[in-house]
Amino acid sequence: MIKKIEAIIKPFKLDEVKEALQEIGLQGITVTEVKGFGRQKGHTELYRGAEYVVDFLPKVKIELVCDAELVERAVDIIIQTARTGRIGDGKIFVLPVENAIRIRTGESGLEAL
């Protein structure tokens with residue numbers, strides 16, 4: 001069975017998380033710069049004397065697809081390496097994947113990973 005892990009983390013934690021995932025053999029990850037807010041809400045800043053609200057904060061979204069047997073280990077690693085203990089550390093989502101196909105060879109399923 002194939003699963004997809006999506007993790008929204010603080011940008012400065014990206015390298016640490018990437019290296020930790022590579023250490024357990026997970027190599028194929030996609031990284032996207034995103035903006036969002038949750039409980040952290042946002043904050044007010046001053047610019048040239050005017051106050052304005054910054055409600056979307058910069059985050060990084062990591063996506064990876066792996067064998068379901070590796071999901072628990074990968075999630076634990078993301079939690080351990082991305083956690084600062086402060087609000088805004090992020091979220092992890094685990095989703096089922098119906099199929100994966102390698103475009104170059106046509107391989108599908110786990111062989112495509």
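Numbers here simply count residues along the sequence, with the first being 1.
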Enumerate donor-acceptor pairs with a distance under 3.5 Å from any side-chain N or O in residues 90-113 to protein atoms, sequence neighbours excluded.
| residue | atom | partner | partner atom | Å |
| --- | --- | --- | --- | --- |
| N99 | OD1 | G109 | N | 3.2 |
| R102 | NE | E107 | OE1 | 2.9 |
| R102 | NH2 | E111 | O | 3.1 |
| R102 | NH2 | A112 | O | 3.1 |
| T105 | OG1 | E107 | N | 3.2 |
| T105 | OG1 | E107 | OE1 | 2.7 |

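- Cluster membership for I5 and L26, using ILVMFWY side-chain heavy atoms within less than 4.5 angstrom, is shared.
- With hydrophobic clusters built from ILVMFWY side chains whose heavy atoms lie under 4.5 angstrom apart, L14 shares a cluster with L64.
- Side chains of V34 and V60 form no contact here, defined as non-hydrogen atoms less than 4.5 Å apart.
- Residues passing the salt bridge (charged side-chain N to carboxylate O under 4.0 Å, His left out) test with K13 are E16, sequence neighbours excluded.
- Among residue pairs with one or both ends in residues 18-36, none qualify as side chain to side chain donor-acceptor pair (under 3.5 Å); sequence neighbours excluded.
- K61 contributes atom NZ, which lies 5.5 Å from atom CD1 of I8 (distance to the nearest 0.5 angstrom).
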Extract all donor-acceptor atom pairs below 3.5 Å that involve side chains of residues 65-82 and protein atoms in other chains or at least two apart in sequence.
| residue | atom | partner | partner atom | Å |
| --- | --- | --- | --- | --- |
| D67 | OD1 | E69 | N | 3.1 |
| T81 | OG1 | I77 | O | 2.7 |

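- Here the side chains of K10 and T84 are in contact, with some heavy-atom distance below 4.5 Å.
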